[in-house]
There are 2 protein chains.
Amino acid sequence: MVESRRDSLIAAAAALLDQGGPAAVTLREVGRTAGVSHNAPYKHFADKDALLAAVAGRELDQLARVARARAGATPQPSAKALMTGYVAWALRYPERFKLTFGRWTREEPELAATAAAAHSMLLSAVATAQAQGDLPPGDPERLAGLLQALAHGAADLALSGHLSESGKGRAGPADLVADLFDYLRLAAAEKASQAPVSIGAAGSRHHSDSEPS
Amino acid sequence: MVESRRDSLIAAAAALLDQGGPAAVTLREVGRTAGVSHNAPYKHFADKDALLAAVAGRELDQLARVARARAGATPQPSAKALMTGYVAWALRYPERFKLTFGRWTREEPELAATAAAAHSMLLSAVATAQAQGDLPPGDPERLAGLLQALAHGAADLALSGHLSESGKGRAGPADLVADLFDYLRLAAAEKASQAPVSIGAAGSRHHSDSEPS
DNA sequence: ACCTGAACACCGTTCAAGT
DNA sequence: ACCTGAACACCGTTCAAGT
């Protein structure tokens, strides 16, 4: 399959993004890299934001493809493997990570589809781990949110240099992910030896999410 | 104390940031808001990035002041209160949050000082919670990193709309913080009824943080 | 020491015109 | 349908000049 002009524009934008961050992605340089004029992109994308959204979409697609390939293997990837892979990807392609999960408030239907597929893969991995006693019981959606939030935050803080600034422990994001899974396994064991009260279920909401005064 | 011109420029930049994001912070508009010409800021800041770093510094200072005031109260703020406050601040001032923790690779000595003060406050709160059995034992620095990473990631995902997209649970970032503290309390209880092997200490490193192949 | 107005290079976007 | 070159408005930054 030959690369369409649209694809080559996206590839050029992604390369510039990796190289110099979002500031380096100018339509003029994108056009120059792809061998067209500086406003040829306007025939394929509404504006610069749409081009960046397409870059994020391509990245999400590639991530989903890799994940699907792993899901075909036996055994299926564990929740821990998924989160560790997420962190490794973020560290390896910081700019794509920031772009993809930074903001694509735009609707981009295909983008939402692949995101939903990735989410459901994580959900089933969480459910499997719960059944094996590696993760505590409760709403899998909420537990998946916890895992994703930690992996995302650890990667983001590490990329900004806000992690273990003075720590002699030198804990990286992957270490924090591992720690969380260790603690959750301990919590699951503790719950197994207790009365079955669920955490994170609808009945035990802790805090309102409303705006503080 | 009257507001110096430098302060009024920082205030103008912060107001523009809150209103329209980083793109709305132009030196021309900053000057107009502060009542000076569009390049007067260059007499107070090296360039636009330095002005934004000063905005981040002012924000960090105000956060530290609020935290110190709370620390004077009895009892001292718990680790959970600190993290909940962090999340609430991020949701209330999204642009300042993204700027302050996004990137200030710049050295800015005073910035590092207030950041270190805030970090040590969290560390002591973690140690207190550990002594009370609310948090599991282990390196407090590493545990603090876990808490901060989760709060940061939950806030960031919520702001980008990547949290509980289809969840009927509607778990917000504050809920995830509460969940984590619940799980950690359970893990602490489980560890108390086990042989004292520490998690997250130097001897039990889980994963190398090196780059994946 | 601080400020101004003019000027330069760059960028996103639009438009008339070509094939 | 896709592309080009010129043009416009805007922005960061620099510079000569003022007080």
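From a predicted model like this one, the values you see are computed outputs, not experimental measurements. Keep in mind that the numbers below use all heavy atoms, side chains included, and drop hydrogens, waters and symmetry copies. Residue numbering restarts at 1 for every chain, and letters A, B, ... go by the order of the sequence lines.
With sequence neighbours excluded, the residues that form a side-chain contact (heavy atoms from CB on, under 4.5 Å) with A:T128 are A:Q132. Take A:Y42 and apply the side-chain contact (heavy atoms from CB on, under 4.5 Å) test, not counting sequence neighbours, and it matches A:L27, A:N39. Partners of B:A117 by side-chain contact (heavy atoms from CB on, under 4.5 Å), not counting sequence neighbours: none found.
Between A:H152 and A:Y86, the angle of the ring planes lies from 30° to 60°, which puts this pair in the tilted group. Ring planes of B:W89 and B:F101: perpendicular class, angle over 60° (limits at 30 and 60°).
No donor-acceptor pair under 3.5 Å is formed between the side chain of B:K98 and the backbone N or O of B:P22.
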In B/S/- notation (B base, S sugar-phosphate only, - none; protein heavy atoms under 4.0 Å), nucleotides 7-16 of chain C written 5' to 3' is B---BBBBB-
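Taking 4.0 angstrom as the limit, A:R5 places none of its side-chain polar atoms (N or O) nearer than this to OP1 or OP2 of D:dA1.
If you take CG on A:L135 and CG on A:L143, they are separated by 5.0 Å, rounding to the nearest 0.5 Å.
A ring-ring contact (aromatic ring centres under 6.0 Å, His included) check over residues 8-41 of chain B, counting only residues at least two apart or in different chains, returns nothing.
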Annotated structure of DNA chain C as dot-bracket, pair cut-off 3.5 Å, Watson-Crick or G-U only, | for inter-strand, is ||.|||||...|||||.||
